[in-house]
Amino acid sequence: MQWKTAEYSGWGRALRARGTLARPEKLSALSAALQGRGPAIGNRRSYGDGPIHDGGAAIDMTRMDRLLSFDAETGVVEAEAGITIAELLRVFAPKGWMPAVMPGTGFATLGGCIANDVHGKNHHNAGSFGQHVLAVTLMTDNGPREVTPQTNRGLFRATMGGQGQTGAILSAKLQLKAIPGQRMRVKETRIPDFDSFLAAFDTSEAEYTVGWIDATKRGKRLGRGILEEGTLAEGGRPGPVKRSLSVPLDAPHFALSWPVVKLFNAFYISRIPDTSRKRTRPLEDFFFPLDRIHDWNRLYGKRGFHQFQCVVPLDKGPELKAILTTIARAGIASPLAVLKKMGPGRTGHLSFPMAGYTLAVDFPARAKVPAIFARLEQQVLDAGGRLYFAKDALAHPDSIAAMYPELADWRAEVAKADPEGHLETDLVRRLKLRSAT
């Protein structure tokens, strides 16, 4: 194994790093790499600076991706941290199992899902990813250490959503979900405005729900969009493999200009008839709608983009409506913001979810975006909500400290696990997560 100097970034590409990377394939190589003292990273699908370490070393875990064991009766799988969620779905869906929580991209690694305690379109009833993790093995200076909620609850909670600061995640045992088939029955309904969206979420009985919002609209049409409701379907096999597309070059700055975005959103919503539409889709199409377009982040050009994602409590619908109004008035949002309803499920001290509504929207990296983000950040803080580390690149430390009341408990566990701060990433330093000074 060799260390190589490279320039790399998170998925948003707006914040970049230059440093040395190692890509171990075996435990012995990982042990040697950890002596270089750097954080472990995965496929870098976090959008901001969570998976980067500018000027230092980092360990790319994507080659440590083996399946270690599987119990066909209980659905418990153990796998190395570098395996992707798409691979887990590909292998186990034909056997009648799938991860209970699926993030929006299949390229996320198992370790990354744990480090961010990710959520999916079924958070309102399935909770967060970490709630389905039975055990996690951390690589320490003294070798591998398995941690469970029973053996060390504090360290386990600090690891779930803990940005990899308690040790390199080597592997995990995951409880999979039994499924009746490999298809999803999907109902798509046109929603006229924001208030109707919240009402539709509250009355929906579907296991999976997600809203796609036209973030360009204001006034009476603020928050118009499409509600997708999904139910796992019996029988069936995966459809034919669809040809993937690729974005070969960085798009010019006008590719996602405001007029283009408005036209795209109008077309996207017009596809759904007033009476709604029902269809059956392969699981991967429903869970990972953008994965067929490789390198779609290049559509934002060389400067990349930022994503703003927040969650506010259930009784703060008016405040979330005001946040969406700020976004619409800014005139810089990308196509189709995402709205979901969340339940109370969360695993770690720094886990993002709370019972409420979460809104996510992309902004091309432009000079005025930090000021827009700062206004949105304050609105979220005033609403008693929080921002998502997996998407963040612009938040301020004081806001984050107020949004995450268990931060002190997390710091105490991390101080024991990595007292010298060898595992810090750029996000951890920027947000002063490990120390207020």
Side-chain angles (χ1 to χ4, degrees), residues 4 6-17 21 23 41-52 58 60-65 81-91 93 98-99 102-113 116 118 120-121 182 184 186 210 212 228 238-257 260-261 264-265 267-268 271 281-307 309 333-338 360-365 390-391 393:
K4 294 185 178 180
E7 183 175 328
Y8 62 102
S9 71
W11 188 245
R13 302 176 71 214
L15 302 181
R16 298 174 182 269
L21 296 177
R23 297 186 68 191
I41 60 176
N43 259 340
R44 304 195 303 277
R45 289 289 165 146
S46 292
Y47 285 38
D49 49 357
I52 65 176
D60 182 332
M61 297 288 289
T62 54
R63 287 181 178 171
M64 300 197 67
D65 59 354
I83 197 169
T84 65
I85 294 301
E87 181 65 5
L88 289 175
L89 182 65
R90 185 192 69 80
V91 172
M98 63 176 271
M102 304 280 278
T105 173
F107 291 110
T109 63
L110 175 59
C113 289
N116 290 284
V118 299
K121 298 172 184 177
Q182 300 178 63
M184 183 75 71
V186 182
V210 61
W212 305 95
E228 286 189 7
V241 177
K242 297 181 179 179
R243 184 176 181 181
S244 295
L245 305 174
S246 181
V247 180
L249 301 170
D250 294 325
H253 72 278
F254 58 79
L256 288 177
S257 64
V260 172
V261 168
F264 173 84
N265 285 359
F267 165 75
Y268 190 87
R271 302 174 305 115
R281 298 168 62 185
L283 294 177
E284 62 272 18
D285 280 8
F286 178 77
F287 289 114
F288 316 135
L290 291 179
D291 280 1
R292 284 184 55 221
I293 307 175
H294 293 301
D295 297 325
W296 62 260
N297 54 351
R298 302 188 74 174
L299 291 171
Y300 289 93
K302 291 182 178 180
R303 288 182 286 182
F305 71 101
H306 298 288
Q307 186 174 104
Q309 182 167 1
S334 68
L336 300 175
V338 178
V361 62
D362 298 339
F363 296 104
K391 306 297 178 66

Rounded to the nearest 0.5 Å, what separates atom CG in D285 from atom CG in D291? 10.0 Å

For D49, all residues meeting salt bridge (Lys or Arg N to Asp or Glu O under 4.0 Å), sequence neighbours excluded: R430

Whether W296 and F305 hold their rings parallel, tilted or perpendicular, with breakpoints at 30° and 60°: tilted

Rounded to the nearest 0.5 Å, what separation is found between the OG atom of S9 and the CZ atom of R16? 5.0 Å

With a 4.5 Å cut-off on side-chain heavy atoms, are D362 and Y47 touching? yes

Can any side-chain N or O of R44 pair as donor or acceptor with the backbone N or O of I52 at less than 3.5 Å? no

What distance do H306 atom NE2 and S334 atom OG have between them, rounded to the nearest 0.5 Å? 12.5 Å

To the nearest 0.5 Å, what is the distance between CZ on F107 and NE2 on H294? 5.0 Å

Looking at residues at least two apart in the chain, or sitting in another chain, which of them share a salt bridge (Lys or Arg N to Asp or Glu O under 4.0 Å) with R63? E25

What's the shortest heavy-atom distance between L88 and I83, and which atoms? CD2-CD1, 3.9 Å

Taking the side chain as everything from C-beta on, heavy atoms only, tell me whether E228 gets closer than 4.5 Å to M184. no

Quick one: are I41 and Y8 in side-chain contact, heavy atoms under 4.5 Å? yes

Any side-chain heavy atom of L89 within less than 4.5 Å of one from F288? yes

Would you say P99 and F287 make side-chain contact, with heavy atoms under 4.5 Å? no

Which atom of A93 lies closest to which atom of Q182, heavy atoms considered: O-CG, 3.8 Å

What do the steps show when you test T109 against D65 for side chain to side chain contact (heavy atoms under 4.5 Å, CB included), and what is the final call? CA-CA 9 Å; T109 63; D65 59 354; over 6 Å; no

Considering all heavy atoms of both residues, which atom of A108 and which atom of C113 are nearest to each other, and what is their separation? CB-SG, 3.9 Å

Minimum heavy-atom distance P248-S246, with the two atoms named: CD-O, 3.2 Å

The residue among I85, T105, T84 that forms side chain to side chain contact (heavy atoms under 4.5 Å, CB included) with R45 is T105

Is there a side-chain contact between K4 and L21 in this structure, where contact means two heavy atoms from C-beta onward sitting under 4.5 Å apart? no

Test item: T62 and R23 side chains (from C-beta on) under 4.5 Å apart, heavy atoms: yes

For D250, all residues meeting salt bridge (Lys or Arg N to Asp or Glu O under 4.0 Å), sequence neighbours excluded: R13, R298

